[in-house]
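In what follows, a single structure is set out as structure tokens and then discussed.
Just so you know, ligand 1 is whichever comes first in the structure, and atom 1 is the first atom listed for that ligand. Positions are given from 1 along the sequence.
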Amino acid sequence: MTTALVLAGHGSHISPLTAGLVWQQVDQLRAMGVADEVTAAFWKEFPSFATVLNTLAADEVTIVPLFTAQGFFTRNVIPAEMKLTGTGTQRDGRTIRYARTLGEHPFLQEVVRRRVEDTLKVIDASSKNVGVALIGHGTKRNPQSRAATEAQAQHLRDLHLAGQVVAVYLDDTPSIPDMYELLNTPRIIAVPNFLALGSHTTIDVPEAIGLEAGQMIGDVNGRMVYYTDPVGVDESLTAAILELVTQVGANLYPPKAGTMWDAFPTAGRDELLCAVHEQGEIRFGQLILTPSEVRVEGEFERTITTLDDLRDYVRTSPKFRPLSTSNDLPSGWRVLISESEMIHAVVETVYPGAVADWVAQRNGSFTVQTLNEVAKRQQGMFHQLEDFERTAEIVQRVCAGCARQPTWFNGHQGVIPCSEACNLWMSAALEIEE
Ligand code: SF4
């Protein structure tokens with residue numbers, strides 16, 4: 001019996017930090033050796049919710065939604081994309097467990113309390129004169145999305161840490177600027193009830209508060225505002241994830257001292273390593289794989305030695321690349337290979353999920369979903385793409401810059417086939433549809 005963990009997050013087309021928090025946790029869990037395979041899955045990036053299970057060979061998979069609350073994504077989107085039937089799904093001889101969200105674990109309550117207590121020490125004023133604005137995302141599509149932030153706010157009120165506590169929302173009412181009407185204290189602690197330092201917490205929320213990006217303390221219309229880190233940026237996050245995994249009934253191995261090169265998804269790994277050793281050199285997208293190094297073309301500039309450096313470099317140089325297979329990898333780097341499995345780990349880090357598609361094509365098990373099939377299972381706006389009439393035009397515009405072949409559209413397979421329209425593609429299509 002082999003086990004796998006999937007940390008499911010939102011991802012972003014704007015900021016590398018949103019998925020970055022999830023990948024940090026993946027790296028940590030891989031090094032702890034608690035499961036045979038550990039990976040991430042995202043709504044906006046690769047590997048996608050819909051395809052990540054193809055990358056794993058384990059008989060038992062546990063999915064942990066890294067969201068602050070049960071809401072639209074955890075109740076609607078993830079189950080629809082991953083074809084889950086509840087907390088336990090049996091499919092193709094595999095058990096898939098779906099854990100609760102972080103918002104249902106005491107971890108978040110503890111971090112929120114600590115954020116307020118730590119800031120009160122800095123403020124050094126009577127807590128009666130301090131108000132707390134707990135800032136949630138909220139969405140009008142699902143009233144449940146705000147329930148967790150409201151529950152956190154009530155928990156803070158019960159602790160009597162501050163004179164007043166309100167819950168406000170980025171995408172719902174009361175809005176973030178409403179906190180200045182709702183609170184009458186001269187000092188306000190603003191706690192973003194978000195997990196990551198992504199575009200919402202570094203750009204959208206500070207702007208709505210009236211702070212500059214990066215400003216943590218400021219005078220806004222005569223009120224001192226103290227903006228804290230989001231609640232997911234905390235060392236105890238890994239422990240909370242592991243508890244959620246065991247609570248849903250999954251068995252984990254005792255932690256050991258491994259490295260972040262361990263516990264990668266294994267679908268296609270052995271075949272890829274075999275091909276590299278047999279052929280001496282193969283091209284995989286923009287990567288050149290040999291038994292001694294993985295590199296991209298271009299004048300040699302640097303050797304990268306760690307996987308977190310590699311991920312950071314290929315995702316953000318010279319700017320954020322939300323589509324991992326876009327044809328604009330930074331050039332002139334290499335990773336030296338001392339153990340064969342490292343070749344696969346590098347490919348999986350640069351192109352998450354692509355090895356599974358490569359091997360499925362080679363062994364004849366690769367399947368595609370038409371745009372209509374993908375649109376039909378959508379829970380939100382992408383549903384409008386059913387019977388979309390300008391598919392060829394968007395393929396020309398978006399897929400032309402991608403190392404994958406849009407197999408779902410033209411039947412061509414290439415080295416890395418693409419089984420269905422990705423989130424970036426559908427976002428581009430929706431823009432012209434609206
Ligand atoms: S839909 Fe197009 S752009 Fe998106 S991953 Fe597939 S081939 Fe690449």
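Remark: Arg269 does not engage Glu37 in a salt bridge, criterion side-chain N to carboxylate O under 4.0 Å.
Per-residue contacts place Trp408 under 4.0 angstrom from the following atoms of ligand 1 (heavy atoms of the residue considered): 1 (S). Less than 4.0 angstrom separates some heavy atom of Phe46 from each of these atoms of ligand 1: 5 (S).
Around atom 8 (Fe) of ligand 1, the protein N, O or S atoms closer than 2.8 Å are Cys402 SG, listed by chain and residue number.
Between Leu307 and Trp23, the closest side-chain pair of non-hydrogen atoms is not below 4.5 Å.
The backbone N or O of Val248 sits nowhere less than 3.5 Å from a side-chain atom of Tyr98 that would complete a donor-acceptor pair.
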message: Could you go through Thr3 and Tyr253, starting from their C-alpha distance and side-chain angles, then the distance that decides it, and tell me whether this counts as side chain to side chain contact (heavy atoms under 4.5 Å, CB included)?
response: CA-CA 9 Å; Thr3 63; Tyr253 304 124; 4.1 Å; yes
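For Glu60 and Thr2, the side-chain atoms include no donor-acceptor pair closer than 3.5 Å.
Not a single heavy atom of Phe409 sits less than 4.0 Å from an atom of ligand 1.
Residues passing the salt bridge (charged side-chain N to carboxylate O under 4.0 Å, His left out) test with Glu297, sequence neighbours excluded: Arg283.
Interatomic distance, Ile203 CD1 to Ile14 CD1, rounded to the nearest 0.5 Å: 7.0 Å.
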